[in-house]
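To start, the structure itself, in structure tokens.
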Amino acid sequence: MGPSKLALYGGKPVRDSYLPYGRQWVTDDDINSVIKVLKGDYLTTGPLVPKFEEAIAEYVGADYAVAFSSGTSALHAACFAAEIGKGDEVIVSPITFVASANCVLYQGATPVFADIDPKTYNIDPNQIESKITSKTKAIIPVDFTGQAVDMDNIKKIADRYGLHIIEDAAHALGSEYKGRKIGSLADMTEFSFHPVKPITAGEGGVITTDNEEFYKKLQLFRSHGITKNKKDFFDSDGPWYYEQQALGYNYRITDIQCALGLNQLNHISKFLYRRRKIADRYNQAFCGMQEVNIPFEAEYSNSGWHLYILRLNMNLLQADRKDIFEALQAENIGVNVHYIPVYYHPYYKKLGYKKGLCPNAEKLYEDMITLPLFPKMTDQDVEDVIAAVKKVIGYFRKQV
Ligand SMILES: *Cc1c(COP(=O)(O)O)cnc(C)c1O
């Protein structure tokens, strides 16, 4: 019996309904916690903002947390707190969401892309070192897919050159490095609460840190650079007085979002458990297939599996990545590609970045594909993904 006809060519798809690559899992008690806020006194900054911040700080083991309207605004605030500005360079990974590099541009500084390790897909510490100049101020490593970055080696470099580390852990709430939760390893660590991320607040983000000075600057930046704290005032006028000390933004998170985020945090171990189970099942299903490579996990990392990426072995397939992508989409499997190298985007090209900058990242981009992975997937959803991959790869397998 040959493989059944691909949906791409008019065959019956593996499943009838479309399965996205990621989505939230919002429970009735999440919803009730939000309704309670809507019936109360505070919609925006109220008691739930510090409560959510304390819960996140405790969960990751950091001294402080400052919550923001998004992971992106949190990264921007971290760049401000680290005093990154015009003329400075910041080393970033090319395989990430654009926000990891845009936050450097917001501050008028220059992102410098350092290539990835071809096994972990995370920024390679040796590549970081080769990009350091007298202008380098910080490093923004990304725990891509939830896999922890090689932090001890990144720290050694940061210490040697006096650089700050801002860890982009948007994928990695609950992930561990050498048995320790990510969140207090770097100078500042950012998490995101976008619906596809480990937990959601609708939109939202946070910076965790052990540094009190950063903590104060982050709070200032979140709300127009204004402080109402009398003992921090430079001037004083009357009991109505508040003081703008820096150019900040309105990057505040609402109590509505924090209610959802706080309640979602109750589910995180269940979510992580399920994500790891699904990743195990995928690994088991695909490890024997020569045409694909399953993800590699470094021994120092315990990933929360935000994303599951297969690398296609193009020389064993009589198709390109686009054909396989389209064939899987036609089977109603919401595959994706994470990510287009940041500097491929026209905005970055216009700034002068060129192809060829990070060969390992560019090679990865050619042959990777993200499979659906989120905790609310049923066992049947998981088996559908496996069946569709086997069907499509089976069809395009080179005959020898
Ligand atoms: C999601 C994400 C962000 C930004 O988070 P938002 O909350 O969507 O602003 C930053 N970096 C990475 C790697 C992300 O995946």
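Just follow the structure's listing: the first ligand is 1, and inside any ligand the first atom is 1. All residue numbers refer to positions in the sequence shown, counting from 1. Every heavy atom of this structure was used, including side-chain atoms; hydrogens, water molecules and symmetry mates were not.
Ring geometry for Y21 versus H338: interplanar angle of 30 to 60°, hence tilted. Taking the six-membered ring where tryptophan is involved, the planes of Y348 and F113 are perpendicular, since the angle between them exceeds 60° and thus also 30°. The aromatic rings of F271 and H267 sit tilted relative to each other, their planes meeting at an angle between 30° and 60°.
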Problem set entry | From CA spacing to verdict: ring pair (Phe, Tyr, Trp, His ring centres under 6.0 Å), Y106, F80 | CA-CA 9 Å; Y106 295 155; F80 167 83; over 10 Å; no
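Side-chain contact of Y64 with E53: a donor-acceptor pair under 3.5 Å is absent, judged by distance alone.
Under a 4.0 Å heavy-atom criterion, Y339 is in contact with ligand 1. Residue-ligand proximity: K197 is placed with a non-hydrogen atom under 4.0 Å from ligand 1.
By the salt bridge (charged side-chain N to carboxylate O under 4.0 Å, His left out) test, E129 pairs with R160, sequence neighbours left out.
Proximity of Q264 to K197: side-chain heavy atoms (C-beta onward) are nowhere separated by under 4.5 Å.
When the heavy-atom distances from atom 11 (N) of ligand 1 to V196, V98, D168 are ranked, the shortest goes to D168. When the heavy atoms of G71, S69, S100 are ranked by distance to atom 6 (P) of ligand 1, first place goes to G71.
Interatomic distance, OG of S73 versus CD of E203, reported as 9.0 Å (0.5 Å rounding).
If you check which protein heavy atom lies closest to atom 5 (O) of ligand 1, you get S192 OG, 3.3 Å. Scanning the protein heavy atoms around atom 13 (C) of ligand 1, the nearest turns out to be T96 OG1, 3.3 Å.
Here T72 has heavy atoms under 4.0 Å from ligand 1 in both its backbone and its side chain. If you look at F191 next to ligand 1, there are no close heavy atoms at all, none under 4.0 Å.
Residue-to-ligand polar distances keep H194 apart from ligand 1: every N/O pair is separated by 3.5 Å or more.
The atoms of ligand 1 that sit less than 4.0 Å from any heavy atom of A170 are 2 (C), 3 (C), 10 (C), 11 (N), 12 (C), 14 (C), 15 (O). Below 4.0 Å from some heavy atom of G204 lie the following atoms of ligand 1, by number and element: 7 (O).
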